Amino acid sequence: MLTSPRGAPLVNVQMLIFFAVLLSYPLWASSAGLYQYLGVEIAIFVIYALGFNLLLGYTGLPSFGHGAFLGVGAYAYGLWQSAFPNVFAGLLIAIVCAGLSAGIVALFLSHRRGIYFALMTIAFGQIFWFLSIKLRWITGGEDGLLNILRPEIDFRFTSINLSSNVSLFYLVAILLIAVILILWRVVHSPFGTALQAIRMNETRARFAGHRVWLIKWSVFTLSGAIAGLAGGLLCITQESAYPDVMSLHASGFVVMMTLIGGGFVSFWGPVVGAIVFILARDVIGAWTETWLLWYGLLFMAVMIVEPEGVVGVWRRIEARLKGKTAGVAPVSAAKREAV
Amino acid sequence: MSRGLLRIALSASTLALAIGIQGSIATAQEKPIVIGITSDASGQYANSGASDRRGMMMAIDEFNAKGGVLGRPIKTVHLDTETTPAIGSRVAERLINREGAGYLIGAVSSGVANAISQVAQKYGVIYLNTNSSSPTESGKNCHRVKFVWDGNGTNFAKATVKAAIDKFGKNWLLITNDYGWGHDTSAATKKLAEAAGAKILDNILVPVGTRDFSSILLKVQQIKPDVIAAAVGGDDQKAMRTQIAELGLGDKYAWINNQQDWPDVYGLPRDNLFGVFGTTWYYDLDLPDVKEFVEKYRKAYPDTQMEVPGNVFYNGYWATRSLLEAIERAGSTDSHAVIKELEKLKVPAKERMQHDDAYMNPNTHQMQQTIYLATANPENPDNQNAMFKIIGYISPEKAKDEDADAACKLESFADTPVTNP
Amino acid sequence: MDFLNNLLPHLLNGLALGLLFALIALGFTLIVSVMEIINLAHGSLFALGAYVAMVIINPGFTDSGALGSYYMSLPLGLRYVIALVFAPIVIAIVGFGLEIILRRTYGKKKEYGLLLTFGAALVLEEIIRLIWGPAEQFLPTPDAISGAFIAHGMIYSTYRVYAMCFGIFAIIMVWLFLEKTPYGAIIKAGAHDSEMVRALGINLPRLQMLVFGFGAALAGIAGIILTPIWGLRPHVGIDATIPAFLIIVLGGIGSFKGAVTGGILVGLAVGLTGAYASDWSLLSMYLLLIAVLTFRSRGLFGKKTALEA
């Protein structure tokens, strides 16, 4: 099980370590050969992947069209921002619009599962992508929505200028922390248990009394709304919104990164996955133009050898180390969680 | 637990040490000038992107052979922008923040150019838009740090439209690539054509990435226009030309193709090159120094598929060379000083290998130059280089985009950050 | 009457396109029916088929030796036929390899296979890009099937007619194979009840590998036929996979006639919207799918399969 049957603490050690690393990033980024903008991108994609994993890892619903909601969030923020420059209102609009779109799409999908579900998500994803390119007078078409300037956040006693990548990073980091705390509560609630029940056997879950259709609809919508938040933040960062994130390729990326990280077995899977993806793209992409080949091979290897991803591997190592120290053959916790 | 922790601590500190060592290796020579090359290596404009880059590299190599610029060697970093604006934006951020690029050069797709110039303006880094020809590049999407080196849709339309109406007729059909450049170019054509008395029968939109033109060509045959003005670029255009030639429609209507980039037609059979089109330069212009320039290209790039350079290479070369010369004239890399030098740029016709002197318009940051009109060369079908026949040219004054000055609002110098790479 | 006259060429165009779509969907539906695997790498195999054919027609070693120059002196038509025969065989072998990799996922949920083939599609595309570069390539076609002809005052492309006829031919051949030959019977039995087939002494793993290879070969053939129309570049595979997936779900998973009907419907939708709003024609495919699936949740002729579990 991804979560323990008993309630989990609000915050745990792993979380605190992660928060510490996250918040200190600007201090050690350049010595690690990284740069501020990259940190912002990573944080945004972690938010995106965490929301996505609710759907894929917890509920077992493979969505190949999730980029649509990231895109809707970005465009919604951008359009709002041109009229009423206010970061938080803009992000709220992004979340609402994306959630709304997800909710409408989910009406068509929630009674499906498996392959049919996947195909419908592809179809809807393509429709959104197509519309974002076609409706030029709203979205700017292929060229995207440009000139969304980074605003200032005005508190009464001080104002923070988001033009600096560092301030932007802290904004995204704080929102990321909030998302992590909220999602942690969600997956450890009865709702989270229901999600996993659906993943294991939908029919049985229904007989156990869960309102399957409603739960699937809700998780899809929630997942879309979180993608919308990520989209709005992406728009701030790029100062524009583009249709690319809605393409099948891009939607496929979030599936791959979540799985490679270990989304099927761990809350942290998507976090690891997003970090690995963006780093791979940046670091390997600087040496060779075929970084995607290596990433694709990695993905295939993961699917064949270790569907539990990086976290799965980590857990095996951990268990082995524990086993060695304890001196007895370890009962691998990871094994028991085999999907 | 302690042993495991120890292992982790050991590996972490080794890693940190390695990174630290790598980060601190400093060169003791003159700090190089880093130029970020943002040309497309994949996607619809990959071929042109490669040509663009070669032009830039030839200019850079010329300068490095003389010891660099202001005594500093020039280093280049290239990242593929994949003809995708989102990636252009990310690439620009990385080049500026991580690679320390002091200048960004390169664009074929106007969508990508816009994305990059937004980022460049934010940081105050000078950006040269070498080959994107959307009229908005020097109009509503102009920026203080951006300079445009290609003719745009309006310039080419001015060269082609009036002559076409007089010769072929007033019933026009537009075919437009469904993105910014396509729409802006067709809009410019429409404006000029209607002003000269033409009637636009229809505007068929071609989504980017279209390869199957069958329904479009069927529609064309049903509409039966006098003139067809196509604003379709890159690989889409190659496919369109091939299918039109296959159906023999190239001779049936008068086709105007606004600007024809050399890499998009090089190697195609001659009858794919139907219609009239514009260009900024041709390798066989009967002007002094042209042959030497072509020789220089051949020596530098003996192995490429294109044996002679075309307009894309030419624009890439001139943009880069002008920037480096401007830095030398300014005597420093202070971006405001270099921008001011570029704004008053003038290059005599002989040096430019064109018929007229070329000069920078300081209000729109677009280089004003001779615009040539060409068709397919009816002679020499076996010489795959001798593709064009130049049928005329107009001066930069006659080709001028009259609306650009009003549409372009450059950011003030005060609003543009200073960089001194 | 004039309206119909205007519409007719687009209708025919759509029909031709539909038959080509059906050709693409053939290999896809075979693998889905028999092995219940959604092979998202279908499009990459499609593209690879065309690239391999291009290499067979114009191999690089033309200057070396007598054999090379002899081969190049053969008429294009002959080399084209050789490519049409041998390229699918190469793709079938690639298909074998892919099937072997996929075996690890057989016991698990269907999504694993889907995801693995998605990864394979990406990897194959990138390998193509690595070998042949991202630039658009050109698959030469013999003069006999190129060019144009005039009918009723409109000029049509000869190649499209050829492609359409080939599509019909291929569909009939595959249908005959499945319905009228003992091998076809074994394959259909394998689709229906793999346990029974194994009990009858037939080597099931080998059967599955051969079926997958056959499906891959069909994808390769479709690639050779279609890339002269669609252009040859590494990402042309996506233009094939998505319609294929869409078509078989539209027509009903597991149904051969569903694949053909679905293909024709999609082609007609795209062709007809091409007449009025060519920039919206791609969208029509998805709207059609959503419409059909909303009212007939298994598609037009679909049967219940394990894919729904």
Side-chain angles (χ1 to χ4, degrees), chain A residues 56 60-62 64-65 105 107-109 111-120 122-131 133-134 136 199-203 247-249 251-253 255-256 259-260 264 288-305 307 338-339, chain C residues 32 36-38 40-41 98 101-105 108-130 133-134 235 238 241-242 245-246 248-250 253 277 279-280 282-290 293-294 297-299 302 305-309:
Chain A
L56 180 64
L61 295 173
F64 279 91
V105 171
L107 288 175
F108 288 87
L109 300 179
H111 51 290
R112 301 289 192 156
R113 53 179 188 272
I115 301 299
Y116 281 99
F117 182 89
L119 179 63
M120 292 288 267
I122 294 182
F124 277 104
Q126 290 289 104
I127 289 178
F128 273 96
W129 176 68
F130 186 87
L131 286 176
I133 292 181
K134 204 50 208 137
R136 298 184 67 243
R199 187 187 84 213
M200 288 201 270
N201 190 321
E202 200 174 297
T203 320
S247 71
L248 182 61
H249 244 182
S251 293
F253 287 156
V255 178
M256 291 203 289
L259 283 180
I260 291 183
F264 272 145
T288 162
E289 285 176 3
T290 55
W291 74 273
L292 199 52
L293 173 63
W294 302 110
Y295 192 76
L297 285 169
L298 174 65
F299 178 69
M300 284 180 75
V302 166
M303 291 311 302
I304 299 173
V305 172
V339 188
Chain C
V32 171
E36 292 173 352
I37 295 176
I38 300 277
L40 287 181
L98 194 53
I101 295 177
L102 274 170
R103 282 190 188 159
R104 286 274 303 213
T105 64
K108 309 188 187 157
K109 293 172 101 173
K110 291 298 161 191
E111 285 87 335
Y112 279 94
L114 182 75
L115 291 163
L116 190 58
T117 55
F118 178 78
L122 200 63
V123 167
L124 275 173
E125 257 184 37
E126 286 296 308
I127 291 178
I128 290 176
R129 205 166 87 108
L130 197 63
H235 298 305
I238 297 265
T241 311
I242 305 214
F245 200 174
L246 209 124
I248 62 151
V249 173
L250 186 71
I253 292 185
D279 37 323
W280 294 90
L282 276 181
L283 193 65
S284 60
M285 261 199 292
Y286 300 109
L287 294 175
L288 184 62
L289 174 76
I290 293 177
L293 277 188
T294 308
S297 59
R298 288 207 193 97
T305 64
L307 283 166
E308 291 182 34

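Small disclaimer: the values here were computed from a predicted structure and weren't measured. The figures here come from the full heavy-atom set of this structure, side chains too, leaving out hydrogens, waters and symmetry mates.
- Interface remark: C:L102 contributes no atoms to any contact with chain A (heavy atom separation under 4.5 Å).
- Chain C forms more heavy-atom pairs under 4.5 Å with one residue of A:F108, A:F64, A:W294, A:Y295 than with any other, namely A:F64.
- Within the 4.5 angstrom heavy-atom criterion, no atom of A:V302 approaches chain C.
- Looking at C:I101, the atoms closer than 4.5 Å to chain A (heavy atoms on both sides) sit in the backbone and in the side chain alike.
- Of the inter-residue distances, the one linking A:I127 atom CD1 with C:M285 atom CE reads 10.5 Å to the nearest 0.5 angstrom.
- With rounding to the nearest 0.5 Å, the separation of CG in A:L292 from CG in C:L130 is 12.0 Å.
- The minimum heavy-atom distance linking A:M303 with C:L116 is given by the pair CB-CD1, 3.6 Å.
- Residues A:F130 and C:Y286 place their aromatic rings such that the two centres sit no closer than 6.0 Å.
- Among the candidates C:R129, C:E126, C:E125, the single residue satisfying the side-chain contact (heavy atoms from CB on, under 4.5 Å) test with A:L293 is C:E126.
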Stepwise, does the side-chain contact (heavy atoms from CB on, under 4.5 Å) test hold for A:H249 with C:H235?
-> CA-CA 10 Å; A:H249 244 182; C:H235 298 305; 4.0 Å; yes
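- Contact of the C:V123 side chain with the A:F299 side chain is not registered, since no non-hydrogen atoms from C-beta on lie closer than 4.5 Å.
- If you take CG on C:L283 and CG on A:L131, they are separated by 5.5 Å, rounding to the nearest 0.5 Å.
- Heavy atoms closer than 4.5 Å to chain C are found in both the backbone and the side chain of A:A123.
- If you measure heavy-atom distances from C:L114 to chain A, the contacts under 4.5 Å come from the side chain alone.
- Looking at C:L122, the atoms closer than 4.5 Å to chain A (heavy atoms on both sides) all sit in the side chain, from C-beta outward.
- If you take CE on A:M120 and CD1 on C:I290, they are separated by 5.5 Å, rounding to the nearest 0.5 Å.
- Distance check: C:L115 CG to A:L259 CG gives 5.5 Å after rounding to the nearest 0.5 Å.
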Begin from the C-alpha positions of C:F118 and A:V255 and carry the test side-chain contact (heavy atoms from CB on, under 4.5 Å) through to its verdict.
-> CA-CA 10 Å; C:F118 178 78; A:V255 178; 5.7 Å; no
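- Interatomic distance, C:L289 CG to A:Q126 CD, rounded to the nearest 0.5 Å: 11.5 Å.
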